[in-house]
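Below is one structure; the comments refer to it alone.
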Amino acid sequence: MSTPHKRAMEAVLEAADLDIKAALEEQGITDKHSDEADDTILDVAILHAWRIFVRINEAQGLTVDPGLFVDLASELAEDMAEDRDQ
């Protein structure tokens, strides 16, 4: 992975971390190991993935397709679940 790519990834993760902290605080969640915290963290991660998907599509001059995003995310989740089961 190139240095600019690493920096970009670090920036995205920092932004997500800040958003997660803010979301947990807004919802009054203090136990980071609770189901509510898990749901909130997942919501923030999905929102960040969506934003990245939109930006990539727009940068490439492509139409943003929410259905495609859902399909790709579902396939990825299934693949990861299969890998974990093996």
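Computed from a prediction, not measured in an experiment: that's the story for all the values here.
The side chain to side chain contact (heavy atoms under 4.5 Å, CB included) test with Ile29 is passed by exactly one of Glu26, Gln27, Lys32: Gln27.
Hydrophobic clustering, with ILVMFWY side chains joined whenever heavy atoms are under 4.5 angstrom apart, groups Val54 together with Leu72.
Pairing each heavy atom of Phe53 with each of Asp65, the nearest pair is CE2-O, 3.6 Å. Closest heavy-atom contact between Thr63 and Asn57: O-OD1, 3.7 Å.
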(Q) For Glu14 and Leu18: C-alpha separation, side-chain torsions, deciding distance, then whether side chain to side chain contact (heavy atoms under 4.5 Å, CB included) applies. (A) CA-CA 6 Å; Glu14 281 184 44; Leu18 291 173; 5.5 Å; no
Q) How far apart are the C-alpha atoms of Leu24 and Ile20, what are their side-chain angles, what is the distance that settles it, and do they pass the side chain to side chain contact (heavy atoms under 4.5 Å, CB included) test? A) CA-CA 6 Å; Leu24 292 172; Ile20 288 167; 3.8 Å; yes
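At distances below 3.5 Å, not a single donor-acceptor pair connects side-chain atoms of Asp17 with backbone N or O atoms of Leu13.
Open room surrounds CZ on Arg55; 12 or fewer heavy atoms of other groups in view lie less than 6.0 Å from it.
Ring geometry for Trp50 against Phe69 counts as perpendicular: the plane angle is over 60°, on a 0 to 90° scale with 30° as the lower cut.
Rounding to the nearest 0.5 angstrom, the gap separating the CD1 atom in Ile52 from the CD1 atom in Ile56 is 6.5 Å. Rounded to the nearest 0.5 Å, atoms CG (Asp38) and CG (Asp43) are 11.0 Å apart.
Listed by chain and residue number, nothing satisfies the side-chain contact (heavy atoms from CB on, under 4.5 Å) test with Asp85 (two or more places apart in sequence, or in another chain). Residues passing the side-chain contact (heavy atoms from CB on, under 4.5 Å) test with Asp39, sequence neighbours excluded: none.
Legend: ring pair (Phe, Tyr, Trp, His ring centres under 6.0 Å) pairs involving residues 2-21, not counting sequence neighbours: none detected.
At a threshold of 4.5 Å between non-hydrogen side-chain atoms, the residues Thr3 and Arg7 count as touching.
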